[in-house]
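Note that the structure is a prediction, hence the values are computed from the model and not measured. The basis for the numbers below is simple: all heavy atoms, side chains too, and nothing from hydrogens, waters or symmetry mates. Whatever order the structure lists ligands and atoms in, that order sets their numbers, starting from 1.
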Amino acid sequence: MKELLQKRRTIRKFKQQPLTKDQLSEYIDAARLAPSAANMQPLKYVAIASKEMADAMFPLVKWAGYLAPDYDPKEGERPTAYVAVCINTRIRQGGCDMDIGAAVENLILAALSDGVGACWMGSIDRPKIGELLHLPEYLTLSCVVALGYPEEDPKEVAVREDNIRYYLDETDTLCVPKRALTDVLIEIV
Ligand SMILES: Cc1cc2nc3c(=O)[nH]c(=O)nc-3n(C[C@H](O)[C@H](O)[C@H](O)COP(=O)(O)O)c2cc1C
């Protein structure tokens, strides 16, 4: 687990080998088991595995804001699958952000343990994705997770001069600045 946590980076370039429905079910099963406030479990998921639907999703999500549009996945690098994460408003109308965070992180780590990379996406066209997936009115789309076998190997680097923007180095490797433990840990009492 420690290794996975250290290794996990957002992936935005993917091999074109598709994911199976069983793989996607397994990752959603991991999300299902996440902690949930009052154990209400208000989240529901739609998985997208077909090339046709993945192609239809692509224009409805936005990639790597600090590097856009240059770092958008090109043809042949795009995600082969997505999971849409929805709030079941029949169970909770909102205030589920922590549940969503826990569930999505479980999903991403389950995928990573299977060799599959992920990009958690909040910059998405919710009305159009809702239409594409025929989401009923009682489901509120929260976010999507783009998935596929990684075709890039981003690395963690130290934050310098408080600059947290990710960037490409001289070898075109995506570098993701992370604040140091000494910056984020106030004290242990
Ligand atoms: C709630 C949330 C929403 C995000 N939305 C997007 C997005 O719309 N597009 C994108 O390319 N990355 C998105 N990301 C990925 C972040 O940019 C990424 O996690 C951050 O740069 C740190 O990189 P790391 O995940 O490799 O540690 C999102 C991440 C989170 C947690």
Side-chain angles (χ1 to χ4, degrees), residues 1-14 27 30-31 34-37 42-43 45-46 48 54 56-75 77-87 94-130 132-133 140-169 171-181 183-184:
M1 179 56 85
K2 271 190 203 163
E3 251 171 54
L4 279 185
L5 295 178
Q6 275 159 5
K7 200 169 89 175
R8 186 210 59 79
R9 291 275 67 76
T10 291
I11 297 299
R12 299 186 180 85
K13 296 188 185 306
F14 302 92
Y27 311 155
S36 170
L43 304 180
Y45 307 87
V46 178
I48 292 157
M57 280 290 286
F58 184 76
L60 308 181
V61 298
K62 286 206 178 116
W63 298 91
Y66 295 139
L67 299 172
D70 295 357
Y71 206 65
D72 288 5
K74 309 280 178 299
E75 192 85 49
E77 297 176 339
R78 295 178 179 170
T80 52
Y82 292 85
V83 171
V85 181
C86 303
I87 301 164
C96 312
D97 284 358
M98 294 192 214
D99 278 37
I100 293 162
V104 171
E105 188 68 359
N106 265 22
L107 191 154
I108 288 172
L109 291 172
L112 182 59
S113 75
D114 194 31
V116 169
C119 182
W120 187 342
M121 311 199 79
S123 189
I124 59 176
D125 188 331
R126 289 179 178 77
K128 287 206 177 133
I129 295 172
L132 179 71
L133 301 180
T140 302
L141 177 62
S142 165
C143 57
V144 307
V145 182
L147 294 155
Y149 288 97
E151 186 68 304
E152 66 168 342
D153 190 16
K155 63 177 183 192
E156 179 206 340
V157 296
V159 167
R160 288 193 207 295
E161 290 167 6
D162 213 31
N163 186 0
I164 45 65
R165 295 167 74 100
Y166 43 80
Y167 58 89
L168 297 177
D169 70 8
T171 65
D172 272 353
T173 300
L174 183 67
C175 297
V176 184
K178 293 287 178 186
R179 297 189 202 282
L181 180 60
D183 280 342
V184 299

Has the side chain of N163 got a donor or acceptor atom that lies under 3.5 Å from a matching backbone atom of R165?
yes
Side-chain donor or acceptor of N106 paired with backbone N/O of A30 under 3.5 Å:
yes
Contact set, ligand 1, heavy-atom distance under 4.0 Å, ordered by chain/number, equals R8, R9, T10, R12, K62, W63, A64, C119, W120, M121, G122, S123, Y166, V176, K178
Electrostatic pair D162-R179, nearest N-O below 4.0 angstrom
yes
Donor-acceptor pair, E152 side chain versus R12 backbone, under 3.5 Å?
yes
Mind running side-chain contact (heavy atoms from CB on, under 4.5 Å) on K155 and R9 for me, showing each step along the way?
CA-CA 7 Å; K155 63 177 183 192; R9 291 275 67 76; 5.8 Å; no
Salt-bridge present (K13, E151; N to O < 4.0 Å):
no
